[in-house]
Trainee: 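Dropping the structure in here first, questions after.
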Amino acid sequence: MFHDSDFLPFTPREKPSFLAVTRNYLENYPPAAYRSDYFVSEGLWPLVPRIHYVTGPELIEEALVARAEDFRRDDLTSNALSGPIDRETLFFADGAEWKWQRRAIAPAFRHETLLALTPDFAACARAQAEDWRELTDGAVVDVMAAMSHTTFAVIEKAVFGASEAFDGEGFVAALRPVLGGVAWRLLVAMFGLPANRTPYPGFLAARRGARFLRAETEKLLAARRASGGERRDILGLLLSAKDPESGRTMTDAELIANLHGLLLAGHETAAVALAWTLWLLAKDQDSQQRVREEVARVCGDEEIGPQTVEKLAFTRQVLLEAMRLFPPAAVIGRQPRADTTLGAHRIAKTEPIYALVWCLHRHENLWDEPNGFDPDRFAPEKAKARHRYAYLPFGAGPRICVGMSFALLEMTTIVATLLREFRVETVPGHRLQLAPALTTRPNGALPLRVTRLSRNAPVRQAERHTVSH
Ligand code: HEM
């Protein structure tokens, strides 16, 4: 178990604050949220609806799994996110529309299809390693930016088979103001105002960014149509997807929305998870060393590929533990289709329910030393002993993340490829601040020192530099 005061880099507030909504909304979950299973923000602020917060696994299971049909995506999140994410996507679709889109997309995420992508994941990780090789030893790198770059390259390859028609760098740059506006959009949405039409700081830049992203995605679709031929990447599968019942195919609007959605959901979440993983391993050098030794034992000098990636069990445990402490999606929203109850709590159909993954993952009744970093929590026998819904980085039930296996294979390959060659270390004096919005991002950069290891040299015995609370 490794402790560091940065692992909970803020003090939960007894009373919520407006400022915290745009700076770090996680602060607004009170200390009791880490001990109980439910609280309600009754009469929080005038005009803001009553919000039900669920922090225990039984109630979360009821809303997301057992009674999934009784709940839809909540209006507040839909208002805040429809802009950054298109309304026509799988993410927002509901009822029969959702079922057909999910069926259409699912074949692209079959296990064998994904395993066959591991060489692509490894190639993108190697390209990142090549960039790092150019640096002098001990150079400071912003791993948040680096991982965005790497996961974008992965998703670009997997979705489009990479295309000349696409301005990937421009796409990532245009995303910044779009993502940067999400915290403000959440605040605007809390007051029932339309987030697509209500000005907030950075509104115009976010709108320009969103337009550019859409135009780029349209260009891509047009280029693929013009090139003809069938390809087995995700775009190819979407283009040929047909509903077996009605025979319908995706409209252009649905294709563009889903491509855009996959580009965004598929790279931002994984980038955040990878950045936190490297940062946690920079703190906990023992675990970093264990990853390196595992990669050497399982893969030798071979590239990580379909035969080896699933044998990197400890590397995967590290990723799971990193997503426990810093879940890329910290909150999952729902709203009942009609007035209802959840457990013993009455919920009107106008009121959102938020499953607080952040609090669930640090719940004092579910986890020993919840703010410590310990990848061994995810050793199979320990994981089995826990409540099935105590850990939900990808959600649960029918709307569970469609890209879960993709992300796990991708991230395992990337961590293993980078750490077999480089040591990452913390930068003295860096103080972590969170700025969660669409994902649980750090505020600004996440700097780490990167040093290339000589392939044949014995890896330095890791030193433990524990900072206790
Ligand atoms: C570490 C990486 C990732 C995390 C933590 C993550 C997390 C999540 C979560 C929490 C949800 C919402 C579940 C709900 O509302 O109940 C979701 C949905 C979704 N994710 Fe992911 N995701 C990741 C990677 C990916 C990737 C790589 C892709 C695609 C390539 C992807 C595509 C989607 C889509 C399309 C949905 C909507 C599914 C639906 O509503 O049916 N995600 N993800």
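Read the numbers this way: they start at 1 and go in the same order the structure lists the ligands and their atoms.
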Trainee: Are Tyr34 and Asn365 linked by a side-chain donor-acceptor pair shorter than 3.5 Å?
Mentor: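 The criterion, which ignores hydrogens and geometry beyond distance, is not satisfied for Asn365 and Tyr34.
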Trainee: Residues two or more places apart in sequence or in another chain: which of them pass ring pair (Phe, Tyr, Trp, His ring centres under 6.0 Å) with His345?
Mentor: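 Listed in chain order: Tyr38.
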Trainee: Quick one about Gln335 and Asp74 (side-chain donor to acceptor, distance below 3.5 Å, no hydrogens or angles considered), yes or no?
Mentor: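 Per modelled atom types, Asp74 and Gln335 side chains form no pair under 3.5 Å.
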Trainee: In the protein, which heavy atom is nearest to atom 40 (O) of ligand 1, and how far is it?
Mentor: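 Looking at atom 40 (O) of ligand 1, the protein heavy atom closest to it is Arg399 NE, 3.0 Å.
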Trainee: If only side-chain N and O atoms count, and only distance matters, is there a donor-acceptor pair under 3.5 Å linking Arg67 with Thr340?
Mentor: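 Yes, because at least one side-chain N or O of Thr340 sits under 3.5 Å from a partner of the opposite role on Arg67.
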Trainee: With a 4.0 Å cut-off on heavy atoms, does Arg73 reach ligand 1?
Mentor: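 Yes, that is the case, since the closest heavy atom of the residue is under 4.0 Å from the ligand.
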Trainee: Considering Ala273, Pro393, Ser405 one by one, which has a heavy atom nearer to atom 7 (C) of ligand 1 than any of the others?
Mentor: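 Answer by nearest heavy atom: Pro393.
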Trainee: Backbone, side chain, both or neither: what part of Ile332 comes under 4.0 angstrom of ligand 1, heavy atoms only?
Mentor: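 Contact part for Ile332 vs ligand 1: side chain (C-beta onward).
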Trainee: Could you list the donor-acceptor pairs under 3.5 angstrom formed by side chains in residues 85-95, with sequence neighbours left out?
Mentor:
unit_1 : atom_1 : unit_2 : atom_2 : d
Asp86  : OD1    : Glu88  : N      : 3.4
Asp86  : OD2    : Arg214 : NH1    : 2.5
Thr89  : OG1    : Asp86  : O      : 2.8
Asp94  : OD1    : Arg337 : NH2    : 2.9
Asp94  : OD2    : Arg337 : NH1    : 2.9

Trainee: List every atom of ligand 1 that sits less than 4.0 Å from any heavy atom of Phe109, numbering the atoms from 1 in the order shown and giving each element.
Mentor: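 Those atoms are 29 (C), 30 (C).
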Trainee: Is it the side chain, the backbone, both or neither of His267 that has a heavy atom closer than 4.0 Å to ligand 1?
Mentor: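 It is neither part, as no heavy atom is under 4.0 Å.
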Trainee: Within ligand 1, which atoms have a heavy atom of Pro328 less than 4.0 Å away?
Mentor: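 By the 4.0 Å cutoff, the relevant atoms are 5 (C).
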Trainee: Only heavy atoms count here, so choose which of Lys99, Arg334, Arg102 is nearest to atom 41 (O) of ligand 1.
Mentor: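 That would be Arg102.
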Trainee: If you leave out waters, which protein N, O or S atoms are less than 2.8 Å from atom 21 (Fe) of ligand 1?
Mentor: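 Listed by chain and number, the nearby protein N, O or S atoms are Cys401 SG.
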Trainee: Would you call Glu69 and Arg334 a salt bridge, taking side-chain N to carboxylate O under 4.0 Å as the test?
Mentor: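 Looking at Arg334 together with Glu69, the answer is no, because their closest N to O distance does not fall below 4.0 Å.
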Trainee: Provide the number and element of each atom of ligand 1 under 4.0 Å from a heavy atom of Leu90.
Mentor: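 Near Leu90, the atoms of ligand 1 are 35 (C), 38 (C), 39 (C), 40 (O), 41 (O).
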Trainee: I'd like to know whether ligand 1 has Leu262 as a neighbour, heavy-atom separation below 4.0 Å.
Mentor: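 For ligand 1, residue contact (heavy atoms, under 4.0 Å) with Leu262 is present.
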Trainee: List for me each residue that meets salt bridge (charged side-chain N to carboxylate O under 4.0 Å, His left out) alongside Arg72, sequence neighbours excluded, and say none if there are none.
Mentor: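 Checked Arg72 against salt bridge (charged side-chain N to carboxylate O under 4.0 Å, His left out); matches are Asp75.
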Trainee: Any carboxylate oxygen within less than 4.0 angstrom of a Lys/Arg side-chain nitrogen, looking at Arg316 and Glu310?
Mentor: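 Salt bridge flag = no for Glu310 with Arg316.
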Trainee: As an exercise, identify every atom of ligand 1 less than 4.0 angstrom from a heavy atom of Phe406.
Mentor: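 Those of ligand 1 that fall under 4.0 Å from Phe406 are 27 (C).
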Trainee: For the pair Asp131 and Arg126, find out whether any cationic side-chain nitrogen is under 4.0 Å from an anionic carboxylate oxygen.
Mentor: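 The answer is no: the pair does not qualify as a salt bridge.
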Trainee: Quick check, are the ring centers of Phe406 and Phe121 under 6.0 angstrom apart?
Mentor: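 Centroid separation for Phe406 and Phe121: below 6.0 Å.
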Trainee: With a 3.5 Å distance limit and no angle check, can you tell me whether Thr251 reaches the backbone of Glu254 through a side-chain donor-acceptor pair?
Mentor: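 Side chain of Thr251 to backbone of Glu254, a donor-acceptor pair under 3.5 Å: yes, one is there.
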Trainee: Just let me know how Ile155 lines up against ligand 1, side chain, backbone, both or neither, with a heavy-atom cut-off below 4.0 Å.
Mentor: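 Side chain only; the backbone of Ile155 stays clear of ligand 1.
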Trainee: Please report whether ligand 1 has a polar contact with Trp98, defined as an N or O pair separated by less than 3.5 Å (distance criterion only).
Mentor: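 Yes: some nitrogen or oxygen of Trp98 is under 3.5 Å from one in ligand 1.
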Trainee: In terms of side-chain geometry, is the basic nitrogen of Lys349 or Asp70 positioned less than 4.0 Å from the acidic oxygen of its partner?
Mentor: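 No, this pair does not count.
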